[in-house]
Asks: 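Take this structure, written in structure tokens, and hold onto it; I'll ask about it next.
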Number of protein chains: 2
Amino acid sequence: MEQSAGDLLRRTGLRSTAQRRAVLTALQGRPHATAADLEEHIAGAEGASGTLSRQGLYNVLDDLTRAHLIRCIEPAGSPARFELRVGDNHHHLVCRTCGRIEDVDCAVGAAPCLDPIQDKGFTVDEAEITWWGQCGPCRSRAAAQHS
Amino acid sequence: MEQSAGDLLRRTGLRSTAQRRAVLTALQGRPHATAADLEEHIAGAEGASGTLSRQGLYNVLDDLTRAHLIRCIEPAGSPARFELRVGDNHHHLVCRTCGRIEDVDCAVGAAPCLDPIQDKGFTVDEAEITWWGQCGPCRSRAAAQHS
DNA sequence: AGCTAGATTGGACTCAGTCAATTCTGGATA
DNA sequence: TATCCAGAATTGACTGAGTCCAATCTAGCT
């Protein structure tokens, strides 16, 4: 795991540093983590290198994003969130009540929404879709107190 | 215009205050304005009430948003932006280079993207689409210096 | 004209992220 | 395997955007 993160980095021409490996590892099983989530997890991680400065974290996230190893999403009202899934044209469902985020696969290319009806002279390179609503648990909780 | 803003407010059960009327008026012809844009415009407006505190501005924007008189969008990397167009299911094109935002009409209900393929138990009430790319002028400018 | 719930103000504060100068280190080279 | 240096990390001050709270004001009902 550590090894594969290192390979991944080297393959994309980035140096394999403890900090970058730690961020990649922390993101596994922690989809949509915020910078604060990662900072906390890495600081509390047992094992060798358990430190990473705030600035360092932002640098790493920026480097990995530009290398397309991770993706950054910023739903309204939330700090930036990061995920390992890249290049699969997936989108997001966000719960207005608890902020939970779920991935949603979307047909690539075929869906009309991926091509704006009027492109207004823009060269479009990405379509980002966010569905807003309420997740099951929050809906149940709201119904239970039927006020 | 002042009058119609007042009517609009009263019709939705909100008090017609100088500050709220000023914000609604400022938003006409200023689509996708940020809070700072509005603050500056209102402070510099000739006519009677040219003041509005920062907190007041955010309160007004919040009130108007909850009354569905305006809509708030927050493209990644940009402060919140406000617009008068509501309830018409339109979406946005954003230029990665200059930040310009254009409205794009989208087929209501019919487009597959408006219904997530997997809803993961969510009750979805809004689909928000942002197309990212480069606008015509920025593309020309970039091509001109063909570096 | 008076009253009061609702609206606005001012000022301190938080949160997320950035800048700049210095120090450190991965990994290519000799 | 030791050296070197461009790329990476650290520290700490700083900014921008928005929020909190307590005091004051006012739209519009009576």
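Here is how names work: the chains are called A, B, and so on, in the same order as the sequence lines, proteins then strands, and each is numbered from 1.
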Asks: Would you say that B:Leu27 contacts B:Leu38 through its side chain, given a criterion of any heavy-atom pair below 4.5 Å between the two side chains?
Replies: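 With C-beta onward as the side chain, the pair touches.
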Asks: Can you measure A:Leu9 atom CG to D:dG7 atom P for me and round it to whole angstrom units?
Replies: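 Whole-Å distance recorded here is 16 Å.
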Asks: Atom pairs under 3.5 Å, N or O on each side, protein against nucleotides 25-30 of chain C: can you list them with distances?
Replies:
from: C:dG26; atom 1: N2; to: A:Arg15; atom 2: NH2; distance (Å): 3.4
from: C:dG27; atom 1: OP1; to: A:Ser16; atom 2: N; distance (Å): 2.8

Asks: For B:Gly121, does its backbone N or O pair with a side-chain atom of A:Arg139 as donor and acceptor, under 3.5 Å?
Replies: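 Yes.
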Asks: Tell me if a side-chain donor or acceptor on A:Glu74 pairs with a main-chain N or O of B:Gly77 at a distance below 3.5 Å.
Replies: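 Looks like yes, one N/O pair under 3.5 Å.
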Asks: Quiz question: by atom type and distance under 3.5 Å, do the side chains of B:Thr34 and B:Asp37 form a donor-acceptor pair?
Replies: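 Yes, side-chain donor-acceptor contact under 3.5 Å.
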Asks: Check the pair B:Gln134 / B:Arg96 against side chain to side chain contact (heavy atoms under 4.5 Å, CB included), numbers first and verdict last.
Replies: CA-CA 6 Å; B:Gln134 195 171 39; B:Arg96 289 190 196 274; 5.9 Å; no
Asks: CG of B:Leu52 versus C1' of D:dT26: gap in Å, rounded?
Replies: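 Taking CG of B:Leu52 and C1' of D:dT26, I get 15 Å after rounding.
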Asks: Can you tell me how far P of D:dC21 sits from CZ of B:Arg54, to the nearest Å?
Replies: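 Going from CZ in B:Arg54 over to P in D:dC21 covers 18 Å.
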Asks: Pairs counted only when both distances fall under 3.5 Å, Watson-Crick or G-U: show me the 5' to 3' dot-bracket for DNA chain C, [ ] for pseudoknotted crossings and | for other-strand partners.
Replies: ||||||||||||||||||||||||||||||
Asks: Passes side chain to side chain contact (heavy atoms under 4.5 Å, CB included), A:Arg71 versus A:His90? Steps please.
Replies: CA-CA 11 Å; A:Arg71 189 156 88 99; A:His90 78 275; 4.2 Å; yes
Asks: When you group the ILVMFWY residues by side-chain heavy-atom contacts below 4.5 Å and let the links chain together, are B:Leu52 and B:Leu8 in the same group?
Replies: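 Yes; B:Leu52 is reachable from B:Leu8 via cluster members.
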Asks: Less than 4.0 angstrom from a charged side-chain N to a carboxylate O is my criterion; do A:Arg85 and A:Asp105 meet it?
Replies: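 Here A:Arg85 pairs with A:Asp105 in a salt bridge, since their nearest N and O are under 4.0 Å apart.
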Asks: Got a sec? Which of residues 57-66 of chain B come in under 4.0 Å of DNA chain C, heavy atoms?
Replies: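 Here the set is B:Asn59, B:Val60.
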Asks: Check whether any side-chain heavy atom of A:Cys135 lies under 4.5 Å from a side-chain heavy atom of A:Glu102, and answer yes or no.
Replies: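 No, their side chains stay 4.5 Å or more apart.
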Asks: Checking A:Arg81 side chain against A:Pro75 main chain: does a donor-acceptor pair fall under 3.5 Å?
Replies: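 No; zero donor-acceptor contacts below 3.5 Å.
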Asks: I need the CD-P distance between B:Glu40 and D:dA17, as an integer number of Å.
Replies: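 To the nearest whole Å, that distance equals 12 Å.
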Asks: Need one value for B:Ala80: base, sugar-phosphate or nothing, where a base atom within 4.0 Å counts as base even if backbone is also close, heavy atoms only.
Replies: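 The answer is sugar-phosphate, as B:Ala80 gets under 4.0 Å only of primed atoms, P, OP1 or OP2.
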Asks: Quick one: are A:Thr65 and A:Phe82 in side-chain contact, heavy atoms under 4.5 Å?
Replies: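 Yes. Closest side-chain heavy atoms under 4.5 Å.
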Asks: Base, sugar-phosphate, or nothing for A:Arg20, non-hydrogen atoms under 4.0 angstrom?
Replies: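 Answer is sugar-phosphate: A:Arg20 comes under 4.0 Å of backbone atoms only.
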Asks: Output the rounded distance in Å from CD1 (B:Ile73) to P (D:dA17).
Replies: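 For the pair B:Ile73 CD1 and D:dA17 P, the rounded distance is 15 Å.
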Asks: Given C:dG10, is OP1 or OP2 found less than 4.0 Å from the side-chain N or O atoms of B:Gln55?
Replies: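 Answer is no, no contact under 4.0 Å.
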